[in-house]
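Report on the structure given below.
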Amino acid sequence: MLSFIAAGSIFFPGLFLLSKQCLKHAPGLKWSEGDAVIVSARLVSSIQAIMASSAGYIIASSCKDIIEDQHWLTSTYILFAVPYFVYDIYAMFMCYWYKMQVKGHEEERAVKPMGAAIGSYLRREFLMVLHHVVIVTVCFPVSVFWRQGKGDYFQGVMFLAELSTPSVCLGKILIQYKQQHTLLHKVNGALMLVTFFACRVLLFPYLYYAYGRYASIPLYMVPLSVSWHCNLGAALLMAPQVYWFSLICRGAFRLFSGTSRHQRPPLGSTDSDPKTPTLPPANGYSPRETEREPSSH
């Protein structure tokens, strides 16, 4: 068990550092420290998402009995991936810290020591940080110990929620580099809207449907047939997904209603608007960002 946790503790931060160094020193790139940190954090998140969704597909497709069947990859990947969520709290803070250095925010950065910056980051990213903390302190022990080897199919399906992450990360990068007017941003926005809804919002209704089919009971009876803590856990995990999806929908409406065409920056302009002192949060789901940017991811 500890060997898999140790492997994840080395792999994800190590991949982040390796990516950052490559972006800073590779011939033809020579990116700044801030740009390298932000893109490296998105890259690691995307790689973790691909690994998790691949593991989820293997697990879910291998379990014929959705309650009793087991797959060795289930607990193994949980143990390997849990350090990622600890690392990601740090990575999101580093993204926030370097975003404070963009043009128009030098004064904010100058008056904020590290302690104050951490406090500001935790307030801005409270929901995302809480999400990660709950995964490590609650979901991890429940998935590894409390399940007692049952329900690997459900765990595999939950891994598939990560299918939406690569498009979310790409959207953040495109917004960071003022590419909201491009076709790539629009295509990625549509893909993110579909994958986030299918893989995160519909995830828990599907799990209830799958159990109802397995137990031969109607869908509306499933919440009454499972334990109260299963219903509570599903509700608490689904609530932030619905909130984030509402922000994505707001951004998609602006994107496809043509707002981006009216607010597109002039050609040749690479600086951010000095009149907008509000920083987008590291998680990329802020409603302020959807209003500030020509479009939201």
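The figures here come from the full heavy-atom set of this structure, side chains too, leaving out hydrogens, waters and symmetry mates. What you see is a predicted model, and the numbers here were worked out from it, not measured in a lab.
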Item to check | Donor-acceptor contact below 3.5 Å, side chain Ser19 vs main chain Leu15 | outcome: no
Item to check | Student check: side-chain heavy atoms of Tyr211 and Tyr153 closer than 4.5 Å | outcome: no
Checklist outcome for this item: CE of Met158 to SG of Cys139, rounded to nearest 0.5 Å, is 6.5 Å
Next on the checklist: Taking side chain to side chain donor-acceptor pair (under 3.5 Å) as the cut-off, I'd like each qualifying pair that reaches into residues 56-66, sequence neighbours left out, listed once.
Outcome noted: Asp65-Tyr214
Checklist entry - Looking just at side-chain N and O atoms, do Ser9 and Tyr87 make a donor-acceptor pair shorter than 3.5 Å? => result no
Checklist entry - Can you find a pair of side-chain heavy atoms, one from Leu232 and one from Trp228, that are under 4.5 Å apart? => result yes
Checklist entry - Can you tell me how far the CZ atom of Phe196 sits from the SG atom of Cys249, to the nearest 0.5 Å? => result 9.5 Å
Checklist entry - Does the Arg213 side chain pair with the main chain of Tyr209, one donor and one acceptor, at a distance under 3.5 Å? => result no
Checklist entry - With Val136, which residues qualify under side chain to side chain contact (heavy atoms under 4.5 Å, CB included), at least two apart? => result Val82, Phe85, Val86
Checklist entry - Do Ser120 and Tyr96 have side-chain atoms, one donor and one acceptor, less than 3.5 Å apart? => result yes
Checklist entry - Looking at side-chain heavy atoms only, is the closest gap between Met51 and Tyr77 below 4.5 Å? => result yes
Checklist entry - In terms of heavy-atom contacts, does OH of Tyr177 have more than 12 from other residues, nucleotides or ligands at under 6.0 Å? => result yes
Next on the checklist: With a 4.5 Å cut-off on side-chain heavy-atom distances among I, L, V, M, F, W and Y, is there a chain of contacts connecting Leu18 to Phe16?
Outcome noted: no
